[in-house]
Amino acid sequence: MRVSHLFGTTLREAPGDAEVASHQLLVRAGYVRQLAAGIFSYLPLGQRALLKIARILREELDAIGGQEVSLPVVHPAELWQATGRWYEIDDTMARFQDRRGRDMVLAMTHEEVVAQIASTEVQSYRQLPILVYQIQTKFRDELRSRGGLIRVREFLMKDSYSLDRDHEGLQRQYDAHYKAYLEIGHRAGLTLLPVLSDVGMMGGKVAHEFMYVTAIGEDSLVRCSACDYSANLEVARFDRGDAPDEAPKPIERVHTPASKTIAELSSFLGVEPARTGKIVFFMGTFPDPSKERLVVAIVRGDMDANPIQVQRHAGALALRPARDEEIEEVGAVPGFASPIGIDRSGAVVVVDELVAMSPNLILGANEPDYHLLNTSCGRDYEADVVGEIATAFEGASCPECGETLQLIRGVEVGNIFQLGTKYSEALAAYYTDEDGEEKPIVLGSYGIGLGRLLACVAEEHRDERGLALPVSVAPFEVSLVSLAKSGETAAAAEDLYERLRAGGIQVLFDDRDASPGVKLNDADLQGMPLRLLVSERSLKAGGAELKRRTESEARLIPLEDVVDAVRAEIAALEAELASGVA
RNA sequence: CGGGGCGUGGCUCAGUCCGGUAGAGCGCUGCGUUCGGGACGCAGAGGUCCCCGGUUCAAAUCCGGGCGCCCCGACCA
């Protein structure tokens, strides 16, 4: 490709609305252009990088037995009604009606379609296991897109679906994906951290996310400083230690004016926040009576409630913070609340394990400016559910080994879910087993966002001059820069371009009539891993100068050896990626 | 959905407070001189000042409404 005719130019300055480095660089280098909030066009450089990533994904998925398919983007609503997700998922799922008034959705994911096809295509255990995948556009109307390509609304996703007889088969395909995802990261030049994660809208039991650890990440993660425990903060556990060895004391009502928050209360009473209890009110949506019910979560005052865990323990489909009126309706007083003496009909009280075993905590008295000393769960009030609902925190004890947990941030590049039979049962995807019995197919679901992966690679592989992409992802292997002043030099550059291309090398040829500074800076910005420079000076010295984007010193290569030298350098770069030097 | 910021040639922005009929740098076009890390001179092109309405002799500027984009938050009672 010639830079003189490349669709998409470089920009000296990043658009004012780009804050994240990868976003700024990908725009400045001419890889992407934004069309609307969270909606991007990929220019030739960006598209070629995506295709490189797609190639890695295809190779790794094929290697674990994947069969590529292409599933529809538009689905009839009935499919999603059958599994219930039509009702469970909010406006993140884009819906519309076709000209006949039939409800349709833009697919966010394809479990339904895969299960529906499986219901007719898979009849016998002899056909299993099966793994299908596709690389396809998804649309999710997120509340807010952010970080350039990090969180967008329309994006390319590799999604795969495993079909198995039983859980052992699922586990095998799940493990295969786990390994493949780490390998995909390596090949793209990224170290991915697998973390335990919430199953979210997918349902199922076990799930991992593959995180690129970075300060700009939107997910909070917990990682043990000693062992290999790591989890998304949403599901992170921690060791709460032993119950305080303390006899319950009689309950006592105290005047606590203007002490609505834990901080105010503990400073007014001169006690540690750990001596208090924190009440958090939610409104939960429940499956049975489709009415909202109050969910009362209680954690120790020095900790925070984890809404995902509260939701799970309460058995709710969704949670939102309760409004003051809703809290007052049951007789609780915001700022001075406790479960003691409130109307609990219809409400669910979820208590953190630590609170359940800690006597003598300070809770609200459910009247303004009063609290209760020495409350104890089980004596003064009962819990509907006791569970681990407090959020893990920096310095908490690891649930596996007891050492200190660290809080870090990451971007979710991929995820893997053990779905089980939820979708196959809903869509009648059954097979006949050896024993002649009809059984639901056991499903797994696995995703990787291509654009997000590219953004993470750009985030990781860059410097003050621009992108410095790994050879596996870069749109071209080498930038050929001609600083020709004379026709002879230009001809030599043209000749090199032809020979490199004939040699099967992907080359971006800067044939423009621009000043050396412009061309060299653009080559650095665009970030191809190798740069080959031809000029009067280099020819006089005996050839062309070859250098890596990440190094400052160039090597002089005789013209006749250039193709071999470039090829060798590409091979070296690929080998380094494979061995994890990247 | 709450809070904050922004919307002016392709890009980055000034001008808005205090109304008088649109500017700069970069980029682009032509000519010339330059030529190894974003060169210089001369000449030029390019703008519904986000949209609609209002006030006014006069609106990029003031008022009302809308749209779009970015950032933070959307559990901590």
Side-chain angles (χ1 to χ4, degrees), chain A residues 8-20 23-24 27-28 30 33-39 90-91 143-148 151 216 218 233-234 259-265 273 276-284 294-311 314 319-324 326-328 332-339 350 352 363-364 366 368 371 389-391 393 464-466 481-486 489 512-525 531 533-541 545 547 552 554:
Chain A
T9 54
T10 55
L11 303 175
R12 290 206 181 191
E13 290 172 283
D17 55 14
E19 289 205 350
V20 177
H23 183 199
Q24 293 181 346
V27 172
R28 280 190 55 211
R33 292 290 182 257
Q34 184 168 351
L35 182 63
I39 300 179
D90 59 13
D91 288 342
L143 282 176
R144 186 160 86 80
S145 45
R146 72 179 87 193
R151 173 166 292 269
I216 63 158
E218 55 180 359
L233 186 62
E234 294 174 341
S259 301
K260 296 182 78 158
T261 66
I262 297 294
E264 288 162 354
L265 179 66
T276 71
K278 182 184 289 183
I279 318 293
V280 186
F281 293 96
F282 300 91
M283 291 305 285
L294 191 68
V295 175
V296 184
I298 309 176
V299 296
R300 211 170 67 178
D302 57 334
M303 297 180 185
D304 295 324
N306 181 332
I308 299 278
Q309 297 306 328
V310 172
Q311 176 182 331
L319 284 188
R320 63 168 177 83
R323 290 188 291 267
D324 280 359
E326 291 163 334
I327 298 168
E328 286 155 5
V333 178
F336 303 92
S338 78
V350 188
D352 187 65
L363 286 177
N366 285 324
H371 278 82
I389 60 163
T391 305
F393 49 92
E464 62 289 341
R465 296 188 161 282
V481 179
S482 164
L483 300 185
K485 282 176 282 195
S486 74
T489 312
R512 294 175 299 172
D513 178 23
S515 73
V518 168
K519 294 185 177 188
L520 296 172
N521 279 306
D522 275 353
D524 284 346
L525 176 60
R531 186 186 80 188
L533 187 151
V534 201
S535 67
E536 275 75 19
R537 187 195 290 180
S538 79
L539 289 178
K540 187 174 279 182
E545 295 166 19
K547 114 175 176 47
S552 50

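Here is how names work: the chains are called A, B, and so on, in the same order as the sequence lines, proteins then strands, and each is numbered from 1.
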Checklist outcome for this item: Closest to the side chain of A:Pro321, out of B:A74, B:G38, B:C71, is B:A74

Checklist outcome for this item: Looking only at B:A77, B:G37, B:A74, the nucleotide nearest the A:Ile327 side chain is B:A77

Checklist outcome for this item: Contact string for nucleotides 8-13 of chain B, one letter per nucleotide 5' to 3', B = base within protein heavy-atom range under 4.0 Å, S = sugar-phosphate only, - = neither, reads ---SSS

Next on the checklist: In whole Å, measure the gap between the P atoms of B:C57 and B:C6 for me.
Outcome noted: 31 Å

Item to check | Distance-only donor-acceptor test (3.5 Å): side chain A:Arg512, base B:G38 | outcome: no

Next on the checklist: Which nucleotide wins on minimum distance to the side chain of A:Arg146, given the candidates B:G73, B:G37, B:A77?
Outcome noted: B:G73

Checklist entry - Roughly how far apart, to the nearest Å, are B:U12 and B:G54 at atom C1'? => result 33 Å

Next on the checklist: Within the 4.0 Å heavy-atom criterion, would you say A:Ala305 contacts the bases, only the backbone, or no part of the nucleic acid?
Outcome noted: base

Checklist outcome for this item: With sequence neighbours left out, the residues meeting side-chain contact (heavy atoms from CB on, under 4.5 Å) with A:Pro307 are A:Phe282

Checklist entry - A:Arg12 side chain N/O closer than 4.0 Å to the phosphate oxygens (OP1, OP2) of B:G27? => result yes

Item to check | Interatomic spacing from CD1 in A:Ile298 to CD1 in A:Ile389 - rounded to 0.5 Å | outcome: 7.5 Å

Checklist entry - NA contact type, A:Ala332, heavy-atom cut-off 4.0 Å: base, sugar-phosphate, or nothing? => result nothing

Checklist entry - Base, sugar-phosphate alone, or nothing: which one does A:Arg320 contact when heavy atoms must sit under 4.0 Å apart? => result nothing

Checklist outcome for this item: Closest to the side chain of A:Ala37, out of B:C69, B:G37, B:A77, is B:C69

Item to check | Sugar-phosphate only, base, or nothing, as touched by A:Thr261 at under 4.0 Å among non-hydrogen atoms | outcome: sugar-phosphate

Next on the checklist: Just to be sure I understand the rule, does A:Glu19 reach a base, reach only the sugar-phosphate, or reach nothing, if contact means heavy atoms closer than 4.0 Å?
Outcome noted: sugar-phosphate

Checklist outcome for this item: Across all chains, not counting sequence neighbours, the salt bridge (charged side-chain N to carboxylate O under 4.0 Å, His left out) partners of A:Arg28 are none

Checklist entry - Using purine N1 to pyrimidine N3 plus N6-O4 or O6-N4 for Watson-Crick, or N1-O2 and O6-N3 for G-U wobble, both under 3.5 Å, which nucleotide pairs with B:G32? => result B:C40

Next on the checklist: Is it the case that the base of B:G38 and the side chain of A:Arg28 share a donor-acceptor contact (distance under 3.5 Å, atom types as modelled)?
Outcome noted: yes

Item to check | Partners meeting side-chain contact (heavy atoms from CB on, under 4.5 Å) with A:Ala37 (sequence neighbours left out) | outcome: A:Ser145, A:Arg153

Checklist entry - Side-chain contact, heavy-atom cut-off 4.5 Å: A:Lys519 with A:Leu483? => result yes

Next on the checklist: Both distances below 3.5 Å, Watson-Crick or wobble geometry, any strand: find the nucleotide opposite B:G47.
Outcome noted: none

Next on the checklist: Could you tell me if the side chain of A:Phe393 sits less than 4.5 Å from the side chain of A:Met303, heavy atoms only?
Outcome noted: yes

Item to check | Spacing of the C1' atoms in B:G47 and B:G7 (rounded, Å) | outcome: 14 Å

Item to check | Test side-chain contact (heavy atoms from CB on, under 4.5 Å) applied to A:Ser515 - qualifying residues, sequence neighbours left out | outcome: A:Val518

I'd like a list of close polar pairs between nucleotides 30-35 of chain B and the protein, N/O only, cut-off under 3.5 Å.
residue: B:C35; atom: O2'; partner: A:Lys485; partner atom: NZ; Å: 3.3

Next on the checklist: My understanding is that a pair needs two contacts under 3.5 Å, Watson-Crick or G-U wobble. By that rule, which nucleotide pairs with B:C69?
Outcome noted: B:G5

Next on the checklist: Under 4.0 Å, counting only non-hydrogen atoms across every strand here, what does A:Leu533 touch: a base, just sugar-phosphate, or nothing?
Outcome noted: base

Item to check | Contacts of type side-chain contact (heavy atoms from CB on, under 4.5 Å), residue A:Asp524, not counting sequence neighbours | outcome: A:Arg465, A:Arg531, A:Arg549

Checklist entry - Roughly how many Å is it from CG in A:Asn306 to P in B:A74, rounded to a whole number? => result 13 Å

Next on the checklist: Among residues at least two apart in sequence or on other chains, which ones pass side-chain hydrogen bond (donor to acceptor under 3.5 Å, both in side chains) with A:Glu13?
Outcome noted: none

Checklist entry - Do the side chains of A:Arg512 and A:Asp522 get nearer than 4.5 Å, heavy atoms only? => result yes

Next on the checklist: Please give the distance between the C1' atoms of B:C62 and B:G15 as a whole number of Å.
Outcome noted: 16 Å

Next on the checklist: Looking at B:C70, I'd like to know if its phosphate oxygens (OP1 or OP2) sit under 4.0 Å from a side-chain N or O belonging to A:Gln34.
Outcome noted: yes

Item to check | B:G73 versus B:G30 - spacing of their P atoms, nearest Å | outcome: 49 Å

Checklist entry - side-chain hydrogen bond (donor to acceptor under 3.5 Å, both in side chains) with A:Glu19: which residues, sequence neighbours excluded? => result none

Checklist entry - If the P atom of B:C11 is compared with that of B:U48, how far apart are they to the nearest Å? => result 13 Å

Checklist entry - Base, sugar-phosphate, or nothing for A:Glu545, non-hydrogen atoms under 4.0 angstrom? => result base

Checklist entry - Distance between the P atoms of B:G41 and B:A24, in whole angstroms? => result 15 Å

Item to check | A:Glu536 and A:Thr489: CA distance, side-chain angles, deciding distance, side chain to side chain donor-acceptor pair (under 3.5 Å) verdict | outcome: CA-CA 6 Å; A:Glu536 275 75 19; A:Thr489 312; 2.6 Å; yes

Next on the checklist: Could you tell me how far B:G66 sits from B:C28 if I compare only their C1' atoms? Round to whole Å.
Outcome noted: 35 Å

Checklist outcome for this item: Partner of B:G25 under the Watson-Crick or G-U wobble criteria, both distances under 3.5 Å, comes out as B:C11

Checklist outcome for this item: By the Watson-Crick or G-U definition, both distances under 3.5 Å, B:A60 is matched with none

Checklist entry - Among B:A77, B:G38, B:C75, which nucleotide sits nearest the side chain of A:Pro334? => result B:A77

